[in-house]
Amino acid sequence: MANEEVTAEGRSDIGNYPVFKRNMRQWTMRITAYADRLLDDLDRLDWPESIKLMQRNWIGRSTGARVRFSSAAGEIEVFTTRPDTLFGATFMVLSPEHPLVDALTTNSQRSAVEKYRESARKLNDNERQNDDRKKTGVDTGATATNPVTGEQIPIWIADYVLMGYGTGAIMAVPSGDERDFEFARAYNLPIVAIQMPPDEWFSSNKIAPTTDCKLWPTAFVGEGTYINSSNKNLSLDGKRSMSDAISQVNSWLENNKCGESAITYKLRNWLFSRQRYWGEPFPIVYDENDMPYSVPDELLPVKLPELTDFKPQALDPNDETTDPMPPLARVTDWLKVELDLGDGKKTYRREVNVMPQWAGSCWYELRYLDPTNIDRFVDAQVERYWMGPKSAGHTGGVDLYVGGVEHAVLHLLYSRFWHKVLFDLGHVSSEEPFHKLFNQGYIQAYAYRDSRGQTVPANEVVEQNGNYFYEGEPVVREYGKMGKSLKNIVTPDEMYDEFGADTFRLYEMSTGPLDASRPWNTRDVVGMQRFLQRTWRNLVDEETNELHVSDEPAPIELRRALHRCIDGVRQDMENLRFNTAISKLIELNNALTVHVNAAGSTPREIAVPLTQMLSPLCPHIAEELWQKLGVQTPITYTAFPVADPKLLLSETIEIPVQINGKLRTRLAAPADISDDELRALALADAKVIAALAGATPAKIVIVPKRLINFVL
RNA sequence: GCCCGAGUGGCGGAAUGGCAGACGCGACGGACUCAAAAUCCGUUGUCUGAAAGGGCGUGCGGGUUCGACUCCCGCCUCGGGCACCA
């Protein structure tokens, strides 16, 4: 069961059964071995910076050093990003779960330590990670040796140190780390300054410069002059550079065999087993000694056995000791299998865990390339054609992947890892699965809650004078992502029935930029339906259903409108700005409507490119018009229209005239007007003459063919 | 707490240093109709004015510039992510 399926009361959210933590033997994927490549290759991807950042944070690479402190119970290893502050390490803190705690704890401290570990165990992860909490901890009574100072320093345990990160133990440098400072203050542990902060630090903290940390209100984190930082053969004193100090300490640690430079990651290995029925079975069998073997290729794939009862094994609700049993463990005839794995025929036992959903989503895009291939998941040539690198250094991968941000660190990291493994094994030519990523926004909608706080079906809520009612009772309106829980879903099927798929697509694309979250408003859909109907009527006679498209040339202004539209739509399409592409098509169609109202038909030179431009946005109606237009080449294989640059310019242009940067009037001018002509034209304008009132402008700013501004 | 993103008419939005509000919805008016729907044509930021026109206006406060929704500094609000990571 996933963490989020457990309620605050420690029960399952479905069925309300008690939930117990249990250690289980499971499969994991060694994604941490790819941490560096997953991090570094982000730079080579065309992805939104925000998603790259989330992955960088998730991988969480820190560089620093491992340092070993000796103690009565053996060496205690810590990881630190600031080995340069080692001289200021005045105590150590271990996670309550650290394996050495038992051996370290002195008899006099044992009961206090046990009590603290018990209470830490009871806290759930959320409570433990809330940093508003006061720091708590207990002394183990033991000490360790600071390798650079040789001093004995106390060892404490505290729950702010997490067993899951680094080594589960830290060296505490209270003068240089805010958490350690807080802890030292709370338990009266020594604080020694090892850097002299700059004067500004003291003045911003409103104290006089001092090395006496008792007077400091907080730790100093940053670059300062090192003090109190020397032993027989290592001295940082007087130095300022943090990076120099770090490398100096690191080499000292290595020479003295008590540490070395190191890198750690926040990223953990990927737990890959699930205890349910629906999922790919592992191609793994065990012998009588529980040794795992992979199932030979010719027996793949291992398929799920047919089952009528998928329920997990029911245990007594208060049974905390019996091991859980996945559904597959009950299928006794599937479970046992006779194989010859080179040792003669023997009976093996199948793995009963299954893979998580991610297993499929990690490579489905590869299978889509070659879905009917029964020999391989994808033919090598097919893969190279669709996903291969475009040039030297290019990662390869699908050209464009559109998806929601919710996949930022799970699906998108797992599939990158998976793909890199396939690359390393020589199965694909691309290093990354998705070269360009685009995050579309969420469709949002109003939701309504009744007096009990329950959501009510949004489509049955009625508005009266700005208030909202459901079945006569007042409800309050809120706003959020469309979803089942808020009962504010509009399904595409309803839209298809009422408006058709083309209108639905067009509406979705027209409401705003693709990457922005935007509201759904069913009332607005009719605008796109009207547009399509108007376009249809411009090309097809409603009475006879016959095309009324003529071979007459289009008037020059309409032709210009067409080419401006083509030019704009091409650019918008390339940049995924479907909303503005649609606006431009509507503008063209509106101009066309005026022409059709007067002339009674649409010029073919307009009808054909208009239909083509509509095709990516509303393919069904475009296809039907295309057939009526009788073009031989299918619309899909016809090259997208190209604007004629000559038709993008008109003979006269309108130039705004500003006085002191404020718009005062506009001038009609020839399209090729020179700056001098423009100045003369503007100075002759009645409004400009009135505004100048005989004065000479201090400055005249002219943006050629765009604007003129008189500065008085 | 830290890191991203966003704030523009009644609503969704357009304009990335040069005419703020394209396009759509809604609203209002007109044509057609016995009538209504549909359709077509027009108006629609706001204040002021009979009008012509003028003032104000892109979350708030400063700045840069001939000129700022757009760039810079400081803040506010909302949304998202991470969160004792040593």
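Checking the phosphate oxygens (OP1, OP2) of B:G67, no side-chain nitrogen or oxygen of A:N660 falls inside 4.0 Å. Residue A:R530 places at least one side-chain N or O under 4.0 Å from the OP1 or OP2 atom of B:C25. Contact check, A:K699 against B:C66: a side-chain N or O comes under 4.0 Å of OP1 or OP2.
Across all strands, A:S510 comes closer than 4.0 Å to no nucleic acid atom at all (heavy-atom distances).
For the atom pair CE (A:M171) and OG1 (A:T80), the distance works out to 4.0 Å, reported to the nearest 0.5 Å. For the atom pair CG of A:N538 and CG of A:D541, the computed distance is 11.5 Å after rounding to the nearest 0.5 Å.
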When you look at A:F183 and A:W156, which way does the ring-ring contact (aromatic ring centres under 6.0 Å, His included) test go after all the steps? CA-CA 10 Å; A:F183 192 78; A:W156 285 58; 5.7 Å; yes
When you look at A:T218 and A:E178, which way does the side-chain hydrogen bond (donor to acceptor under 3.5 Å, both in side chains) test go after all the steps? CA-CA 7 Å; A:T218 175; A:E178 196 46 54; 2.4 Å; yes
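When each of A:F499, A:F578, A:F531, A:W520 is paired with A:Y507, the ring-ring contact (aromatic ring centres under 6.0 Å, His included) condition holds for A:W520 and for no other.
B:A36 and B:A14 are spaced 36 Å apart, taking the C1' atom of each and rounding to whole Å. The gap from the P atom of B:A15 to that of B:C84 amounts to 41 Å, rounded to the nearest Å. Of the P atoms belonging to B:C34 and B:C23, the separation is 34 Å, rounded to the nearest Å. For the P atom pair drawn from B:G30 and B:G12, the interatomic distance equals 30 Å after rounding to whole Å. Nucleotides B:U58 and B:C69 are separated by 7 Å at their P atoms, to the nearest Å. The gap from the P atom of B:G9 to that of B:C3 amounts to 29 Å, rounded to the nearest Å. For the C1' atoms, the distance from B:G74 to B:G79 is 22 Å, rounded to whole Å. For the C1' atom pair drawn from B:U16 and B:C72, the interatomic distance equals 15 Å after rounding to whole Å.
For A:E75, the salt bridge (charged side-chain N to carboxylate O under 4.0 Å, His left out) partners at least two apart in sequence or on another chain are A:R68. In this structure A:F438 satisfies the ring pair (Phe, Tyr, Trp, His ring centres under 6.0 Å) test with no other residue, sequence neighbours excluded. The side-chain contact (heavy atoms from CB on, under 4.5 Å) test applied to A:T136 returns A:Y116, A:R133, A:D159, A:Y187, not counting sequence neighbours. In terms of the side-chain contact (heavy atoms from CB on, under 4.5 Å) criterion, residue partners of A:H98 (sequence neighbours excluded) are, by chain and number, A:L94, A:L100, A:V101, A:M163, A:A169. For A:D177, the salt bridge (charged side-chain N to carboxylate O under 4.0 Å, His left out) criterion is met by A:R179, not counting sequence neighbours. For A:R560, the side-chain contact (heavy atoms from CB on, under 4.5 Å) partners at least two apart in sequence or on another chain are A:I556, A:E557, A:R564, A:L647, A:S650, A:E651.
Distance A:M54 CE to B:A83 P: 12 Å, rounded to the nearest Å. One can place CG of A:L712 at 12 Å from P of B:G67, the figure rounded to the nearest angstrom. Per the geometry, CZ belonging to A:R61 stands 19 Å off P belonging to B:C85, to the nearest Å. Summarising the geometry, the separation between CD on A:Q529 and C1' on B:A38 is reported as 12 Å, rounded to the nearest angstrom. Taking atom OH on A:Y507 and atom C1' on B:G26, their separation rounds to 13 Å, with Å as the unit. Between A:L514 atom CG and B:G13 atom P the separation is 13 Å, expressed in whole Å. Atom P of nucleotide B:C40 and atom CZ of A:F531 are separated by 13 Å, given to the nearest angstrom. Spacing between atom CD of A:E182 and atom P of B:G1 amounts to 14 Å, rounded to whole angstrom units.
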Provide a list of protein-nucleic acid N or O atom pairs under 3.5 angstrom, restricted to nucleotides 2-11 of chain B.
none

Restricting both atoms to N or O, compile the protein contacts to nucleotides 55-57 of chain B shorter than 3.5 Å, with distance only.
unit_1 : atom_1 : unit_2 : atom_2 : d
B:C56  : OP2    : A:K662 : NZ     : 3.0

Donor-acceptor pairs are to be reported for all side-chain atoms of residues 655-672 of chain A against protein atoms at under 3.5 Å, with residues two or more places apart or in another chain.
unit_1 : atom_1 : unit_2 : atom_2 : d
A:N660 : OD1    : A:L712 : N      : 2.9

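The nearest pair of heavy atoms linking A:A643 to A:I566 is N-CG2, 3.4 Å.
Listed by first then second residue, pairs satisfying salt bridge (charged side-chain N to carboxylate O under 4.0 Å, His left out) with a partner in residues 567-593 of chain A read A:D572-A:R577, A:D572-A:K584, not counting sequence neighbours.
Annotated stems with RNA chain B as a participant read B:1-7 with B:76-82, B:10-12 with B:23-25, B:26-31 with B:39-44, B:45-48 with B:53-56, B:59-63 with B:71-75, given as range with range, by first number; only runs of 3 or more Watson-Crick or G-U pairs under 3.5 Å qualify.
Among B:G26, B:C41, B:C85, the nucleotide with an atom closest to any side-chain atom of A:T593 is B:C41. Set against B:G81, B:G26, B:A86, the side chain of A:V526 has B:G26 as its closest nucleotide.
A syn base is found at B:G9: its glycosidic angle is within 90° of 0.
If you find the closest nucleotide of RNA chain B to A:Q444 and to A:R534, the one lying nearer the 5' end belongs to A:R534. Along RNA chain B, the nucleotide nearest to A:P513 and the one nearest to A:T264 differ in position, and the one closer to the 5' end is contacted by A:P513.
Applying the 6.0 Å contact sphere to CZ of A:R56 captures more than 12 heavy atoms from other residues, nucleotides or ligands.
Both cation-pi conditions hold for A:R416 and A:W47: the charged atom is under 6.0 angstrom from the six-membered ring centre and inside a 45 degree cone around its axis.
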Base, backbone or nothing for each nucleotide of nucleotides 17-23 of chain B, written B, S, -, heavy atoms under 4.0 angstrom, 5' to 3'? -BB--BS
